[in-house]
Protein chains: 2
Amino acid sequence: MLTERQILVLVVIIDEFIQTAQPIGSRAIAKKAEITFSPATIRNEMADLEELGYIEKTHTSSGRVPSEKGYRFYVDHLMSPFRLSKQDMLTIQQTFQKEMIEFELLVQKSARVLSDITNYTSIILGPEVFETTLKQIQIISLSDHTAVAILVTSTGHVEHRHFNVPPTMQTSDLEKLINILNDRLVGVPIVQLQQKLYGEVSQLLQRYSSDFQTTYSFLKDALLDKQPVKLYMDGKTNIMLQPEFNDIHKIQSLYTVMEKEDKMANILRTSGKGIKVSIGQENELDEMQDCSLITATYTLGGEKQLGTIALLGPTRMEYSKVVTLLNILSQRLTDTFHSWR
Amino acid sequence: MLTERQILVLVVIIDEFIQTAQPIGSRAIAKKAEITFSPATIRNEMADLEELGYIEKTHTSSGRVPSEKGYRFYVDHLMSPFRLSKQDMLTIQQTFQKEMIEFELLVQKSARVLSDITNYTSIILGPEVFETTLKQIQIISLSDHTAVAILVTSTGHVEHRHFNVPPTMQTSDLEKLINILNDRLVGVPIVQLQQKLYGEVSQLLQRYSSDFQTTYSFLKDALLDKQPVKLYMDGKTNIMLQPEFNDIHKIQSLYTVMEKEDKMANILRTSGKGIKVSIGQENELDEMQDCSLITATYTLGGEKQLGTIALLGPTRMEYSKVVTLLNILSQRLTDTFHSWR
DNA sequence: ATTTAGCACTCAAGATCCCAGAGTGCTAAC
DNA sequence: GTTAGCACTCTGGGATCTTGAGTGCTAAAT
């Protein structure tokens with residue numbers, strides 16, 4: 001489709017634009033070491049590239065700028081592997097070398113590393129609860145009418161939920177309840193909790209509890225209420241450093257949408273396996289049409305998808321660096337989770 | 001010091017500027033219903049007010065703008081009590097009327113209400129642990145070398161901490177340990193935990209645990225590591241709506257400092273009892289010199305200070321409304337916490 | 001048949017100037 | 001003490017000009 005020389009020109013334009021954020025002219029291209037032909041020739045090639053939709057002009061007599069199609073082609077076919085600096089590699093090493101036992105902390109640190117190295121905004125979707133089972137339930141009464149239920153999963157995740165204790169319920173009832181629950185629910189995968197609760201446990205409860213209805217309803221509330229998938233972000237202010245975001249309104253709308261955690265989580269969750277790049281208009285959210293979002297998944301032993309890590313930046317993004325970095329980090333996370341089993 | 005008429009003019013200028021963010025001229029002031037004298041007279045008064053430092057010009061022939069000294073005087077002496085709209089009062093009602101059992105949720109909702117009603121950024125410092133005692137400790141082992149410790153306080157706050165179990169430690173040791181801890185530490189005020197741990201408990205442990213040193217060190221890590229005071233913010237993007245923040249760099253530096261939770265928490269924590277207003281340069285952080293921060297404390301039964309709620313906006317802030325609102329909300333929080341005991 | 005030099009043309013961005021409007025300070029009259 | 005009148009000042013927006021970077025096209029060179 002494209003000639004070798006056209007590709008060469010395209011790569012120079014994209015690489016240069018990613019660095020400078022300025023339109024590139026034929027003269028500037030000709031000065032590059034790898035270019036052996038004259039500005040006039042380059043102008044001809046650029047005219048072709050523009051006709052094919054890979055580059056654009058910002059006005060009739062300006063230099064050229066990559067189009068989204070151009071970036072897409074670059075990402076799919078032209079990107080050269082990026083070599084991270086020694087310093088960056090070291091930072092990653094250090095993040096993962098420490099004996100780390102809490103995934104929450106690990107994920108937070110990963111987010112920090114991503115945003116620090118790239119100067120973009122990092123977003124991480126915490127591990128899903130597939131495969132995790134219930135380790136223990138504990139109910140601790142705080143007063144005569146309130147108590148807190150604590151769930152611990154096999155991965156060490158702790159959830160707690162406060163609830164009102166029905167006035168008819170005695171302390172002894174609570175203890176019975178805990179016993180029943182632990183008896184029946186420990187070892188059950190989290191995703192099956194609801195089903196179990198509806199099934200055998202509800203029957204058992206009916207026998208023991210004086211008023212089954214209230215007990216059952218508060219249990220449901222306490223155990224199944226919100227989903228525990230968490231979203232971690234870091235480097236939110238980095239976006240403001242990018243020259244294409246010197247417009248307050250762009251920033252404002254972008255920040256507003258970033259605060260909607262459920263929306264963001266959903267985007268990451270449905271991003272599919274491996275590395276995915278969404279450039280500009282390819283993003284489903286209108287507010288992100290000047291951005292690119294690159295996502296990578298981390299898994300459990302290479303199979304079950306656990307969560308997603310992502311970087312959000314302008315469409316003029318250092319794709320090569322970001323993809324390399326996300327590859328490394330997602331692999332690290334995968335390894336770490338694997339080693340924890 | 002100031003004549004009645006000067007004060008009248010000052011109030012009109014401040015009230016008007018707070019609404020419009022535009023400098024106010026003598027003609028505009030004269031048009032106000034409460035003004036019975038001519039623009040020329042007003043100009044004379046304004047010249048005096050400027051000389052005294054209460055108002056400023058943006059350039060030689062512009063209208064006047066309140067100075068920080070002007071705001072300070074307004075806040076200290078001139079503010080008229082604000083009547084919240086029915087709608088706003090209703091919103092507050094609804095937030096607090098629901099049977100609410102988790103303070104975390106309550107505080108989050110309060111933050112939301114504050115930012116929604118004012119269009120400023122709300123910041124809330126969660127309740128300190130004064131007075132709260134340890135309700136229960138639970139240790140749940142996850143694998144043969146990791147476990148999670150769960151602390152529940154009398155207020156229902158749940159903390160968990162993961163740690164490595166020393167390889168020499170058996171499951172039976174862990175159980176003994178839990179018993180000892182619960183025996184000795186339940187009911188102890190959180191602030192005294194460390195002391196107790198150093199004292200009697202350490203002696204007991206020495207008797208039971210085969211290797212006291214490791215046990216003791218991981219315990220200390222698990223129980224006393226980070227302070228559990230949390231910071232809740234809402235409406236961060238609101239600041240961008242203010243015309244004085246149309247400069248990316250201002251926003252950038254402000255956001256960057258807002259992300260430093262420890263700094264922010266510290267400012268709120270040391271803000272002192274009752275309502276405090278910090279105007280512009282009065283703020284200790286350079287990044288907040290174009291802002292005003294208004295803080296209010298909530299207490300336990302009117303005595304012990306529990307936490308702080310605050311609103312951050314431009315110096316051109318609706319002081320009257322904000323002060324009224326913070327008064328109401330802090331009182332509500334105080335009442336609610338009181339009723340929970 | 002490519003490639004390149006040359007040249008006319010275009011456009012953005014910055015500088016300069018102009019003008020209207022809003023507002024002030026001062027003076028003199030009320 | 002208050003107000004009307006007036007000259008003066010400064011901002012902001014628009015119009016105009018200039019410069020420089022860059023293009024597209026044509027014709028010559030390879």
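Lettering follows sequence order; numbering is per chain, from 1.
Rounding to whole angstrom units, CG of residue A:Asn44 and C1' of D:dA27 are separated by 13 Å. Distance A:Lys31 NZ to D:dA21 C1': 11 Å, rounded to the nearest Å. The distance between atom CZ of A:Arg64 and atom P of C:dT10, rounded to the nearest whole Å, is 17 Å. In this structure, B:Asp48 places its CG atom 12 Å from P of D:dG1, rounding to the nearest Å. In this structure, CD of B:Glu51 is placed 10 Å from P of C:dG25, rounded to the nearest angstrom. Taking atom CD of A:Gln22 as the reference point, atom P of D:dG20 lies 18 Å away to the nearest angstrom. Protein atom CD of B:Gln6 is 13 Å distant from nucleotide atom P of D:dG1, rounded to whole Å. Put simply, NE2 on A:His59 is 15 Å from C1' on D:dG24, counting in whole angstrom units.
An OP1 or OP2 oxygen of C:dT24 is reached within less than 4.0 angstrom by a side-chain nitrogen or oxygen of B:Ser26. Checking the phosphate oxygens (OP1, OP2) of D:dG24, a side-chain nitrogen or oxygen of A:Lys57 falls inside 4.0 Å. The side chain of B:Arg5 contributes an N or O atom lying less than 4.0 Å from OP1 or OP2 of D:dT2.
Of the listed nucleotides (C:dT10, D:dT11, D:dT3), D:dT3 has the atom at the smallest distance from the side chain of B:Thr41. In this structure, of C:dG25, C:dA12, C:dT3, it is C:dG25 that holds the atom nearest to the side chain of B:Glu50. Residue B:Phe37 has its side chain nearest to D:dT3 when only C:dT4, D:dT23, D:dT3 are considered. Ranking C:dA12, C:dT24, C:dT10 by closeness to the B:Met46 side chain, first place goes to C:dT24.
Side-chain atoms of A:Ser61 and base atoms of C:dT10 include a donor and an acceptor less than 3.5 Å apart. For C:dG6, the base has a donor-acceptor partner in the side chain of A:Arg43 [N/O atoms by modelled type, under 3.5 angstrom].
Both B:Pro39 and A:Pro23 sit near DNA chain D, but only B:Pro39 has its closest nucleotide nearer the 5' end.
Within the model, atoms CD1 of B:Ile29 and OG1 of B:Thr41 stand 11.5 Å from one another, a figure rounded to the nearest 0.5 Å.
Taking a 6.0 Å sphere around NE2 of B:His249, one finds it holds 12 or fewer heavy atoms contributed by other residues, nucleotides or ligands.
Contact record, A:Tyr71 with A:Arg316: OH-CA, 3.4 Å, taken as the closest heavy-atom pair.
Put simply, the side chain of B:Phe82 does not reach to within 4.5 Å of the side chain of B:Val323, judged on heavy atoms.
Between A:Arg5 and A:Glu45 a salt bridge is recorded (basic side-chain N to carboxylate O distance below 4.0 Å).
Here B:Thr58 lies out of heavy-atom contact (under 4.0 Å) with every strand.
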